[in-house]
S.K.: 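The structure's right below; bear with me while I get my questions together.
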Amino acid sequence: MAEKKKAPATAKKKNQTLEIIKRLARNKVAMAAGIVFVLLFVMAIFAPLLEPYDYTLMNGKLAFAKPSLEHPFGCDRLGRDLMSRIIRGSRFSLGMGLLGVLCSLAAASVLGSVAGFFGQVADNIVMRLLDVIQAIPGILLTMTISTVLGRGFFNTVLALSIGGIPGNTRMLRAMILAIRNSEYVEAASSINCSKARIIAKHILPNAFAPVLVGAAMGIGGTIGQASMLSFVGLGIQPPDPEWGALISDGRNYIATYPHLIVFPGLMIGIVSLCACLLADGLRDATDPKLKK
Amino acid sequence: MAEPCIEVKNLEKYFTVGKGKLHAVDGVSFKIEKGKTMGVVGESGCGKSTLGRTIIHQHEPTGGQIFFNGKDVTKVKGRALRDLREHMQIVFQDPYSSLNPRYTVEATIREPLLLSHRYSKGELADEVTRLMQLCGIDERLRLAYPHELDGGRRQRVGIARALALHPDFVVCDEPVSALDVSIQAQVLNLLMDLQEQENLTYMFVTHDLSVVRHISHDICVMYLGQLVETSPSKELFERPMHPYTKALLSAIPTTDIHAPYQRIQLKGEITSPINPKPGCRFAARCPYAVDRCREPQELHEMSPNHFVACCRVEELN
Amino acid sequence: MWRYVLKRLGMMVFVVLGVAILVFSLMYFVPGDPAMLILGSGADPADVARLRAQMGIDKPYLVQLGTFLNNLLHLDFGVSYQYNTPVIESVKERLPRTLFLSVMVIIFQTLIGIPLGITAAVNAGKWQDTFCVIVSMIGLAIPGFWLSLMSIKVFSVNLGWFPSFGIDSWKSYVLPIVTMAIGGLSMNTRQTRAAMLEVIRADYVTTAKAKGVSAHDVIYKHALPNALIPVITMIGGSFGGALGGAIIAESVFVMPGLGLYLTNAINALDYAVVRSVVVILAVWFSMIMLVTDLVYAFVDPRIKAQYTGK
Amino acid sequence: MSQNKDFLRIEDLVVEYTSDGEIVQAVNGVSLSLEKGKTLGLVGETGAGKTTIAKTIMRILPEPPARVCRGRIEFEDRDLLNLPEKEMLHIRGNQIAMIFQDPMTALNPVMTVGSQIAEVIELHDHLSGGEAKRKAVEMLEMVGIPGARYDNYPHEFSGGMKQRVVIAMALACAPQLLLADEPTTALDVTIQAQVLEMIADLKKRYDTSMILITHDLGVVARTCDDVAVVYAGEIIENGSLEDIFDHPTHPYTIGLFGALPKLTGNEKRLSPVEGLPPDPTHLPAGCKFSPRCPNVTEACRSGEVPAYEMTPGHFVRCHLAANAAKEV
């Protein structure tokens, strides 16, 4: 109720993105999660430099070695250093998570814009199509598409992103419809703003904050799904050290050598947790209600 | 009589809704003289906002004609419509939703200038400065975002955007109803100053009768899409003739605590504008309604420029 | 209301038809020849051709699609080449197990998640809230199948409380249900909390307080029914997640349900099974969503009014 | 019982909010009193703290973020701020009722309007379900809604009708005090007139006192006996309706009247106060109005400004009024 009147003292160039980052920075938990998140991606990029051992190097003597100082996460059934494999595997897991979410968002923006702008017919076609796709439970859909496309990195990214399209499209469409009726869009059209410009300059930028939050949230879920695909025999398969594949590889030794499963699982958990915390922080930072 | 800037004849705007046709504007005719203000009053849902938006071509009219500076512009399209829009602008009611939250004050005001392709880069900045000064926006707010501004300042930005292309005609759609009284007065003063300086013609849409009396030269009273009375402002307040206008005027709470207070009791509430019956829409609540009221009503000129759409106007006054 | 139910049922038929066409088409364009797959790569081309004719996969796409849809209508799901048994028989035997598993997951996560969410919202800012927020965040982050594996290690191998595979007794269901419900439970907690927080701030809750309604009744009589409206949709939607969870759980705990049938079929490229199972599960999911929508309409008078055309 | 004056007394009330780590000083030392059967108008702009005052009386402020720092509220010789919650439940809706600004959101969307009225009757009059329902139907009819609509849901009513339901709910237990928070702001003028008239009638019938919160001086002129002008959480001027409307003294009050377009007369320009209300997280020292005041002096910028009594019962919190006050 108390409406605040902030007026900047000087005409300083202020960027909204910067402001969001500043607000985010005040949220310590989200910031910590963000830093860990970024560090994990750095780890993925520089994986070859950070691996203590060659991730493919087998050593019969070290088969099933428990965690030790030399091998902090232990070794797998072929005596390969698990830590090196997890570090290398982050390339697969994080890559699929990020790419999967990005592709899905890109497709969803196109579909959502089409549905939100171009009249009844286009909207109906898109929405009915989504109805059909969404009648298949999420994981099942991803599994089906993955079955059809086959295994491998890019095929899996594609399967993961198709699975995410319906939800993202619906969210974007709802946002776009809401913004389309706002007075500033009407104002834009009254000053002769073209339809394309209205979409690009007035609607999409305002629709994207929640999408960004959804994307951050989605990365964790997508990595989880990717690992699940590997686990049921789709996606990335051993010997590639994707985290889910590592778990799948070690599942038969759960009773005796749990470290084979504990560490890759923890990694998935940590990434998802960070993504989740970051998303929550982003949502608070971009929430216009809080900004007012 | 001076030349009309805007003239509408028998304007109609229907919306298709689930249960039929919503008659938002139904056969409205009036003229607005150059440099004058036409106040349009009525309660929520009477179609006053739709009327404004139809005139500036944000909605396509269902029927009737719109004349701008004597030219029939009802059906303009494409290039001509773009040109026309530069001459007709709108100021919105809600200063919180009428500005793009991701645009600075400068970007908001610059956009219409940019889209007109009439200014070079350097001129753009100067023109923005001029408009900001014109509308009383501090230079230090140039790069501020809407959420950093209060309602009054936001409304000034909205006005600057509307005036950027030197329009002749501006629809003010409840521009002050979301503002507190002192801010409201500041904005009203600004609008009146601008009218004088820029020789603007206003159509001022509002539900606040004291505001409309203050700012308007002429007033239209609308009820459920129909024009019930139009007259010069002073005349309307001194000699209201339509039963609805009388009820409306008597309902305004005044700040004069010594004035005798008698109110014309109105029964019931506004009925639905969807698929209405022909005839006077106010008849359902009118204390003087007779059978004749169920037929379409004509405007009677009771005194110069004072028209009333009521078949019993002569006997009741 | 009945007209609405009929309308929705009609729409569902079209959605299911769409799913069937979609799934069939996806499988149709899969690279590789199913006949070749069955007979092995070294098979005699004449044998392959005979098998192709027998399976009907030498006909044009539309004919095959028509046959597929017609068969579906007669509950003929084809034959699994892997087991060489009609799919319908396995489905009849296995579907109840999968549905039981997923329904139990739903019940478990709802019965625990919603009260947790309410507790968190009612105690917003206090330790109960912080606890629920942290726990649900972690629960959301941990992959379900990993949790299942870890639970086998702890509760089956180390403690010996529950079996690690099979469906011998009620005990066999405990670990799969609990571990697969954690994710949905966390989701329920978070969303119920958010819905409650939103509603607690609503004007009508203040009105109730101003009427002299006690703090307890304000929350349970006025706020909760409103907060539950979005939660109902959420429960319906989480059936999809629960079905997915059941599929994975069957794989981890080697439970002979539809999920295990499906994952085995995927690995063996037994397409008749894959597409049948997907269509069947989609039908179930659609029905659940329909029920959800009807319940939703029943609870919210505003929506109900739209449907009954009042 | 001493005098009628003791019916409702607020003394030196201070309420703060915490928002985004900053302290919003919503109410800063408000004192006022209300006589039995009278109506007090609380006038001020958005964010002046009017609603906070009303919610503090009802003790329905969300705490946290709000906090009552200081002050006393006496209602019929009871100290409301220190009353146990259990007794407060008995007062809310029964002895003190409140009408809210936005009828669209003030009713529970999943309960029938009738049961929402019956609820308050059951709570306080201890009637059985059937009797409560009968009385609720009676209340509905009293506010001009057919009793047959008892089982309708709020979404089936228009804004004006909803506000009638809210009023029926507030008056169902014949409260001694009614707090009406902008009860007609969301309504059209003709409906507003109906609703105001109805409130006035019912108030008379039940001998209810009322605090009417509004920003509309016209509404105040029509309904109130006494007026208090609120600015930045302080009452800067209060007195009888005639005191305020015929002899506005505080520069802010004068500015409020100057900002209103009149229905008679021919003024060309309005003369509002320039500037904006202060940021409630950083209130100016001294007189809160000093940054906008056209007649500001050095003395205004520091120290508390006391309330000067101009004529009996007409108080003004402004140094400029001091001389005039002495002359009286």
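All chains are named by letter (A, B, ...) in the order of the sequence lines, taking the proteins before the strands, and each is independently numbered beginning at 1. In this text, all values refer to a predicted model and were calculated from it rather than measured experimentally.
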S.K.: Could you check C:Val274, C:Val278, C:Leu243 and say which one makes a side chain to side chain contact (heavy atoms under 4.5 Å, CB included) with A:Leu140?
M.R.: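 Filter result, single survivor: C:Val278.
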S.K.: Counting only heavy atoms closer than 4.5 Å, note whether C:Val252 contacts chain A via side chain, backbone, both or neither.
M.R.: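 Contact with chain A: backbone and side chain both.
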S.K.: Among C:Phe145, C:Phe285, C:Phe14, single out the residue with the greatest number of heavy-atom pairs under 4.5 Å to chain A.
M.R.: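 Ranked by heavy-atom pairs under 4.5 Å with chain A, first place is C:Phe145.
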S.K.: What's the spacing between C:Ile247 CD1 and A:Met143 CE if we round to 0.5 Å?
M.R.: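 Atom-to-atom, C:Ile247:CD1 and A:Met143:CE are 5.5 Å apart.
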S.K.: For the candidates C:Arg190, C:Met289, C:Met11, C:Met27, which exhibits the highest count of non-hydrogen atom pairs separated by less than 4.5 Å from chain A?
M.R.: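 Heavy-atom pairs under 4.5 Å are most numerous for C:Arg190.
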S.K.: Can you say whether C:Ile138 sits under 4.5 Å from chain A via the side chain, the backbone, both, or neither, judging by heavy atoms?
M.R.: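 Both parts, backbone and side chain.
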S.K.: So what's closer than 4.5 Å to chain A heavy atoms on C:Met137: side chain, backbone, both or neither?
M.R.: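 Both parts, backbone and side chain.
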S.K.: Among C:Ile248, C:Val283, C:Thr263, which has the most heavy-atom pairs under 4.5 Å with chain A?
M.R.: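 Option with the top pair count is C:Ile248.
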S.K.: What option among C:Met12, C:Lys153, C:Met150 has the most heavy-atom pairs under 4.5 Å with chain A?
M.R.: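 Of the candidates given, the most pairs with chain A belong to C:Lys153.
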S.K.: With a 4.5 Å limit on heavy-atom distance, are the side chains of A:Ile247 and C:Trp146 in contact?
M.R.: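 Yes - at least one pair of side-chain heavy atoms lies under 4.5 Å apart.
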S.K.: Nearest 0.5 Å please: distance from the CD1 atom of C:Ile134 over to the CG atom of A:Leu273.
M.R.: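 Output value for this atom pair is 9.5 Å.
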S.K.: Test A:Val132 against every option in C:Leu17, C:Val23, C:Val19 by the side chain to side chain contact (heavy atoms under 4.5 Å, CB included) rule and name the one that passes.
M.R.: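 Answer after filtering C:Leu17, C:Val23, C:Val19: C:Val19.
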S.K.: Which one of C:Leu147, C:Val157, C:Leu149, C:Ile142 has the most heavy-atom pairs closer than 4.5 Å to chain A?
M.R.: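 Winner by heavy-atom pair count: C:Leu149.
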S.K.: C:Leu22 versus chain A, heavy atoms under 4.5 Å apart: side chain, backbone, both or neither?
M.R.: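 For C:Leu22, side-chain heavy atoms alone lie under 4.5 Å from chain A.
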S.K.: For C:Arg275, give me all partners under salt bridge (Lys or Arg N to Asp or Glu O under 4.0 Å), at least two apart in sequence or on another chain.
M.R.: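 For C:Arg275, no residue satisfies salt bridge (Lys or Arg N to Asp or Glu O under 4.0 Å) once neighbours in sequence are set aside.
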S.K.: Quick one: which residue pairs count as a ring pair (Phe, Tyr, Trp, His ring centres under 6.0 Å) with a foot in residues 241-264 of chain A, not counting sequence neighbours?
M.R.: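 Every ring pair (Phe, Tyr, Trp, His ring centres under 6.0 Å) pair that includes a residue of residues 241-264 of chain A, provided the two are not neighbours, is A:Phe64-A:Tyr253, A:Phe64-A:Tyr257, A:Phe73-A:Phe263.
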S.K.: Counting heavy atoms not belonging to A:Phe154, are there more than 12 under 6.0 Å from its CZ?
M.R.: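 No - once you tally the heavy atoms of other residues, nucleotides and ligands closer than 6.0 Å, there are 12 at most.
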S.K.: Tell me, side chain or backbone of C:Ile21 under 4.5 Å from chain A's heavy atoms, or both, or neither?
M.R.: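 For C:Ile21, no heavy atom lies under 4.5 Å from chain A.
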S.K.: Let me know if A:Leu141 has heavy atoms under 4.5 Å from chain C in its side chain, its backbone, both or neither.
M.R.: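 For A:Leu141, no heavy atom lies under 4.5 Å from chain C.
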S.K.: In Å and rounded to the nearest 0.5 Å, what is the CZ to CD1 distance from A:Arg251 to C:Ile152?
M.R.: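 One gets 8.0 Å once the value is rounded to the nearest 0.5 Å.
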